[in-house]
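Here the structure is laid out as structure tokens; the discussion comes afterwards.
Worth knowing before you read on, the calculation uses all heavy atoms, side chains too, and leaves out hydrogens, waters and symmetry mates.
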Amino acid sequence: MSNTLMAERDAFLARHPETTLTLDGRSWGLIDTGGTGDVFLFMPGTLGRADVFFKVIEPMAAHMRVLAVSYPESGGVVDWAASLITLLDQLGVAKVSLLGSSLGGFVAQYFAATYPERVRHLFAANTLHSLAGIGERPPYSSDLWAAPIDELRRGFAMGLSAWADAHPDQREVIDFLLAEAAGRIPEMEMRARLDALKTGPVLPPLTNTADTATTIESLDDPLIPAPMRAAVRERNAPGHSYRFLWGGHFPYLVRNETYANLLLSRLGRVPMGGEWAENDGVFEA
């Protein structure tokens with residue numbers, strides 16, 4: 001059965017192929033739309049390569065240069081943040097606006113706290129404020145470098161299938177993500193992503209202002225519970241907070257137009273869409 005989302009992704013990659021580059025001895029993937037002016041960087045979660053943001057990259061690229069990365073096969077949060085500095089230096093980029101989702105949101109928060117002079121705006125999306133206790137829960141409680149990869153992949157498939165049963169209208173999105181979990185993300189990259197969460201650091205304090213930080217969450221996110229979403233908002237205060245009333249853990253795939261409007265309006269490039277309404281200090285749509 002054909003999958004429109006996969007076909008659109010493949011067409012996007014024909015226009016903006018992912019290349020590889022070495023940063024501090026590790027091989028990364030990079031999508032770079034080119035252009036001049038301000039730079040925006042996307043950082044995926046565990047289930048996604050650089051192209052997982054394809055539905056919002058091109059709307060963003062109409063306004064600025066857009067980068068998106070795929071993580072290497074080794075290292076972790078601290079190493080990857082340092083390598084992003086290497087990437088920016090190689091590209092001659094002094095400051096960047098960056099969005100990380102899930103795992104990427106944790107890396108982005110660490111990056112912004114550690115290298116605040118290189119950050120124009122931080123978007124912490126569908127993410128965590130702390131990794132405390134994560135190593136006690138499956139699959140992180142396993143030896144992530146030795147456990148059978150099929151066992152690790154099967155855990156993602158079970159969770160995604162349950163989400164598909166509850167949200168049959170999102171079947172194409174789930175199939176798209178199942179393909180990522182089933183092998184489009186290579187084995188060692190998958191292991192490294194899981195280990196990065198298991199062994200990640202305590203996040204240093206942020207120094208952002210109301211105009212330089214934004215949190216994004218979904219009311220129906222099956223992976224980020226309400227107390228954690230509240231903690232992410234508190235950690236990133238006084239930045240503004242945006243909540244999708246539906247969209248799950250991947251609102252940039254299922255509500256891409258609203259997602260792109262959020263990003264561009266926060267960066268002052270377009271007006272905020274009329275679908276957003278403030279509710280007790282959080283903008284909701």
Side-chain angles (χ1 to χ4, degrees), residues 26 43-49 52 69-81 100-110 124-168 170-171 173-203 215-232 235 244 246-254:
R26 297 183 177 92
M43 303 168 61
T46 308
L47 282 188
R49 300 187 59 78
V52 75
V69 295
S70 293
Y71 304 113
E73 295 183 346
S74 64
V77 173
V78 175
D79 307 302
W80 295 350
S101 179
S102 197
L103 162 63
F106 194 87
V107 179
Q109 289 177 91
Y110 180 86
N126 295 83
T127 192
L128 312 89
H129 71 294
S130 169
L131 302 178
I134 196 169
E136 301 168 9
R137 305 194 300 268
Y140 305 98
S141 53
S142 302
D143 183 338
L144 296 173
W145 296 104
I149 189 61
D150 289 345
E151 177 184 311
L152 300 178
R153 295 191 192 281
R154 191 159 47 245
F156 286 109
M158 290 174 60
L160 289 168
S161 296
W163 183 253
D165 291 342
H167 300 271
Q170 295 183 21
R171 184 73 247 184
V173 175
I174 302 305
D175 288 344
F176 177 97
L177 294 166
L178 283 169
E180 301 289 300
R184 191 165 181 270
I185 299 173
E187 173 181 343
M188 297 309 292
E189 289 185 20
M190 178 69 78
R191 293 184 187 278
R193 293 171 188 219
L194 293 171
D195 189 67
L197 286 170
K198 181 175 181 176
T199 63
V202 174
L203 290 174
T215 64
I216 302 172
E217 61 186 68
S218 300
L219 189 62
D220 61 348
D221 191 329
L223 300 181
I224 308 296
M228 186 171 291
R229 299 197 298 266
V232 171
R235 171 174 169 73
F244 286 90
W246 63 272
H249 195 59
F250 303 90
Y252 50 85
L253 283 174
V254 298

Which value, rounded to the nearest 0.5 Å, describes the distance between [X] atom [atom1] and [Y] atom [atom2]?
X	Y	atom1	atom2	answer
I174	L160	CD1	CG	5.5 Å
L103	L194	CG	CG	9.0 Å
F176	Q170	CZ	CD	13.5 Å
S102	M43	OG	CE	11.5 Å
T127	F106	OG1	CZ	7.5 Å
R229	H129	CZ	NE2	13.0 Å

Quick check on side chain to side chain contact (heavy atoms under 4.5 Å, CB included): which of T199, I134, D195 does Y140 satisfy it with?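 Output: one option passes, namely I134.
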Looking at [Y], is its backbone amide N or carbonyl O close enough to the side chain of [X] to form a donor-acceptor pair, meaning the two atoms are under 3.5 Å apart?
X	Y	result
D165	A162	no
Y71	P44	yes
S142	L144	no
R193	P72	no

Can you confirm whether [X] sits close enough to [Y] that some side-chain heavy atom of one is under 4.5 Å from a side-chain heavy atom of the other?
X	Y	result
R235	L203	yes
L219	W246	no
F156	E180	no

Using side-chain contact (heavy atoms from CB on, under 4.5 Å) as the criterion, list what pairs up with I149, not counting sequence neighbours.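 For I149, the residues satisfying side-chain contact (heavy atoms from CB on, under 4.5 Å) (neighbours in sequence not counted) are L152, R153, E187, M190, R191.
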| said: Is there a salt bridge (Lys or Arg N to Asp or Glu O under 4.0 Å) between D150 and R154? Walk through the geometry before answering. | reply: CA-CA 6 Å; D150 289 345; R154 191 159 47 245; 5.7 Å; no
inquiry  = Quick test of your reading: applying side-chain hydrogen bond (donor to acceptor under 3.5 Å, both in side chains), list the pairs with at least one residue in residues 218-228, sequence neighbours left out, ordered by first then second residue.
reply    =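 For residues 218-228: N126-S218, N126-D221, D221-H249.
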Shortest non-hydrogen contact from [X] to [Y]?
X	Y	answer
V232	L128	CG2-C, 3.7 Å
A132	S130	N-OG, 3.1 Å
G248	W163	CA-CZ2, 3.7 Å
S74	W80	O-NE1, 2.9 Å

ask   = Of R49, R26, R184, which meets salt bridge (charged side-chain N to carboxylate O under 4.0 Å, His left out) against E189?
value =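 Single salt bridge (charged side-chain N to carboxylate O under 4.0 Å, His left out) partner of E189 among R49, R26, R184: R49.
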